[in-house]
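Let me begin by presenting the structure, written as structure tokens, before commenting on it.
Lettering follows sequence order; numbering is per chain, from 1. Worth knowing before you read on, the calculation uses all heavy atoms, side chains too, and leaves out hydrogens, waters and symmetry mates.
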Protein chains: 2
Amino acid sequence: MSASALLSVTQPAPAIAPARRPSFREQQFAAREQAILTAVNRLLATKGYDLMTMDEVAGEVGIAKPSLYKHFVSKEQLAAVAMEKLLDRMLDVISAQPLTQAPIDSLKQVLRWALKAHLDGSMPLLPSTRSSLRAALVNHAPYFERLVKMTEAMGTWIEAAKADGSVSGTLPSEVVMYTLFARACDPTLEFLRETGQYTDEQIVELMVTTCFGGLASR
Amino acid sequence: MSASALLSVTQPAPAIAPARRPSFREQQFAAREQAILTAVNRLLATKGYDLMTMDEVAGEVGIAKPSLYKHFVSKEQLAAVAMEKLLDRMLDVISAQPLTQAPIDSLKQVLRWALKAHLDGSMPLLPSTRSSLRAALVNHAPYFERLVKMTEAMGTWIEAAKADGSVSGTLPSEVVMYTLFARACDPTLEFLRETGQYTDEQIVELMVTTCFGGLASR
DNA sequence: GTCTATATTGGGATAGAC
DNA sequence: GTCTATCCCAATATAGAC
């Protein structure tokens with residue numbers, strides 16, 4: 001499969017055009033759902049799945065808790081959909097990288113985006129082995145599809161970067177991939193922010209530098 | 001303060017010698033407490049604080065739940081003491097490094113130890129900003145003392161390694177320190193283990209290599 | 001569809017017998 | 001000090017009125 005095919009990640013148009021435009025009620029419903037997902041995103045980023053409660057979500061949105069269950073059947077599904085939307089945003093960033101760009105720079109740009117999202121509180125934790133959310137995610141097909149798509153795109157760049165000598169050829173590609181994924185939820189970010197000594201931009205660049213350059217002198 | 005002073009981290013002997021040796025009952029009590037801490041350590045490493053239940057701890061040790069509360073007043077304190085013991089083990093490793101060793105090698109050895117402990121299930125998560133355990137830890141003086149001691153020892157090595165040119169002089173020491181701490185709870189470890197393609201030793205070396213050498217070619 | 005009020009479960013902590 | 005049985009609160013999920 002070619003790199004360009006892997007990088008065309010925009011969603012296909014719906015097969016059937018809607019017969020009429022959504023009613024006011026439907027628009028309101030959709031807007032509320034979006035507000036819920038925004039709140040969930042923020043809460044997942046700040047507290048994580050296990051510590052996030054449905055009461056908090058409802059309170060943040062300004063609706064009653066039972067209303068949440070009209071939109072999402074469970075807390076697990078709610079979080080899974082929020083993660084799905086996150087991957088959509090990440091796939092948008094991936095497909096926005098120019099094909100002429102050096103693959104290592106594409107990798108760095110995606111990492112920068114993820115780190116910025118983490119710092120501004122819009123990056124839910126990636127699912128660690130420990131989270132009770134993890135099992136729900138792999139069983140949520142829309143999430144899994146996007147994860148595969150993202151993994152393929154990143155894998156293509158990694159292979160290309162190894163081929164052009166910019167990424168170490170001695171490291172297995174999986175190690176490179178997982179190392180990049182893990183940086184998006186690296187607690188170093190929050191530790192550095194807490195010192196109050198660096199701007200968000202400086203923190204992002206310090207993370208990118210240590211990730212690609214390592215701690216040792218060159 | 002000199003490096004050797006910072007590195008003498010062994011505990012001072014008790015000021016008052018015990019008048020008699022512990023009774024059988026006391027020995028039994030101490031052994032049970034040790035068994036509890038071992039179980040907690042394992043559970044913190046596999047599930048994390050929030051997902052660990054007191055029922056599980058009791059079940060693992062083979063005692064009733066109320067007995068736990070004869071040893072520790074709360075789940076928070078139980079975890080805090082387990083973390084305190086973990087730092088003791090880490091301080092032992094730190095003080096075991098020969099003073100003649102290059103400081104970067106001491107840093108690598110401590111990192112290797114932490115990674116191995118993580119892989120064999122005896123490394124509780126370092127407290128992320130999100131964990132509800134975190135507040136309890138900083139208020140637990142014995143933990144905090146050890147944390148300060150460890151930080152000072154690592155800081156001394158980092159400064160020395162920057163001075164001898166083995167660690168990048170352009171990176172702030174805090175960035176180096178937090179980066180090393182974060183590697184001990186890096187999910188990359190578990191991702192790599194799950195592939196089943198590497199031995200634990202290979203995983204440790206891959207992590208040390210990417211941490212100090214980075215992803216980019218040299 | 002949204003709310004108030006409630007069922008239900010899981011889990012931290014404790015009372016009281018032995 | 002250890003157990004059985006229990007309390008109690010928090011949090012997911014739902015029943016039922018409007």
Side-chain angles (χ1 to χ4, degrees), chain A residues 22-37 39-40 42-44 46-83 130-137 139-140, chain B residues 22-40 42-44 46-83 124 130-137 139-140:
Chain A
S23 71
F24 177 70
R25 260 292 154 86
E26 286 164 343
Q27 287 181 41
Q28 202 178 25
F29 189 78
R32 181 169 291 206
E33 188 154 308
Q34 187 51 54
I36 293 170
L37 287 172
V40 168
R42 220 187 52 75
L43 285 168
L44 284 179
T46 53
K47 319 190 63 168
Y49 178 76
D50 294 314
L51 268 54
M52 176 186 86
T53 72
M54 296 297 263
D55 288 278
E56 281 174 322
V57 176
E60 183 117 345
V61 180
I63 61 176
K65 183 163 55 167
S67 301
L68 290 179
Y69 288 88
K70 298 292 178 181
H71 293 264
F72 305 96
V73 300
S74 68
K75 181 183 175 184
E76 283 190 348
Q77 198 219 9
L78 176 51
V81 173
M83 294 297 290
R130 279 177 268 281
S131 170
S132 53
L133 176 58
R134 199 190 186 223
L137 281 179
N139 290 325
H140 184 71
Chain B
S23 71
F24 177 70
R25 259 295 153 83
E26 286 163 343
Q27 287 181 42
Q28 203 178 26
F29 189 77
R32 180 167 292 205
E33 188 154 309
Q34 187 51 54
I36 294 170
L37 286 172
T38 301
V40 168
R42 220 188 52 74
L43 286 168
L44 285 180
T46 53
K47 321 191 61 169
Y49 178 76
D50 295 314
L51 268 55
M52 176 186 85
T53 72
M54 295 298 265
D55 288 276
E56 280 173 322
V57 177
E60 183 117 345
V61 180
I63 61 176
K65 182 163 59 167
S67 301
L68 290 179
Y69 289 89
K70 297 293 178 182
H71 294 263
F72 305 95
V73 300
S74 68
K75 182 183 175 185
E76 283 191 348
Q77 198 218 8
L78 176 51
V81 173
M83 294 297 290
R130 280 177 269 281
S131 169
S132 53
L133 176 58
R134 200 192 186 220
L137 281 178
N139 290 325
H140 185 72

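One can place CG of D55(A) at 14 Å from C1' of dT4(C), the figure rounded to the nearest angstrom. The CD-P distance, from E26(A) to dT2(C), rounds to 13 Å in whole Å. Atom pair D50(B):CG and dA10(D):P shows a separation of 16 Å (rounding to whole Å applied). Protein atom CG of L51(A) is 9 Å distant from nucleotide atom P of dA11(D), rounded to whole Å. Protein atom CD of E33(A) is 15 Å distant from nucleotide atom C1' of dT2(C), rounded to whole Å. Atom CE of M54(B) is separated from atom C1' of dT2(D) by 15 Å (rounded to the nearest Å). For the pair F24(A) CZ and dG1(C) P, the interatomic distance rounds to 13 Å; values are reported in whole Å. Summarising the geometry, the separation between CZ on F29(B) and C1' on dT2(D) is reported as 11 Å, rounded to the nearest angstrom.
When all heavy atoms of L44(A) and A82(A) are compared, the closest pair comes out as CD1-CB, 4.2 Å. Nearest heavy-atom pair, A80(A) versus L137(A), reported as atom, atom and distance to 0.1 Å: CA-CD2, 3.7 Å. Taking both residues in full, the closest heavy atoms of K70(B) and F29(B) are given as O-CZ, 4.0 Å, listed atom of the first, atom of the second, then distance.
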Chi angles and distances behind the side chain to side chain contact (heavy atoms under 4.5 Å, CB included) call for L78(A), V73(A)
CA-CA 8 Å; L78(A) 176 51; V73(A) 300; over 6 Å; no
Worked verdict on D50(A) versus Y49(B) for side chain to side chain contact (heavy atoms under 4.5 Å, CB included)
CA-CA 11 Å; D50(A) 294 314; Y49(B) 178 76; over 6 Å; no
Could you walk me through whether H140(A) and E76(A) satisfy the side chain to side chain contact (heavy atoms under 4.5 Å, CB included) test, starting with their C-alpha distance in whole Å, then the side-chain angles of each, then the deciding distance to 0.1 Å, before giving a yes or no?
CA-CA 10 Å; H140(A) 184 71; E76(A) 283 190 348; over 6 Å; no
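Closest approach to the S67(B) side chain among dT12(D), dC3(D), dG11(C) is made by dC3(D) (side chain taken as heavy atoms from C-beta onward).
Contact of K65(B) with dG12(C) (side chain to base): a donor-acceptor pair of N or O atoms is detected under 3.5 Å.
Within residues 68-76 of chain A, the residues approaching DNA chain C are K70(A), H71(A), by heavy-atom distance under 4.0 Å.
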Would you tabulate the side-chain donor-acceptor contacts of residues 54-64 of chain B under 3.5 Å, counting partners in other chains and residues two or more places apart, or write 'none'?
from, atom 1, to, atom 2, distance (Å)
D55(B), OD2, K65(B), NZ, 3.3
E56(B), OE1, T53(B), N, 3.0
E56(B), OE1, T53(B), OG1, 3.4
E56(B), OE2, K47(B), NZ, 2.4
E60(B), OE1, R42(B), NH2, 3.2
E60(B), OE2, R42(B), NE, 2.7
E60(B), OE2, R42(B), NH2, 2.8

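When the side-chain nitrogen and oxygen atoms of R32(A) are compared with OP1 and OP2 of dG1(C), none of them lie within a distance under 4.0 Å.
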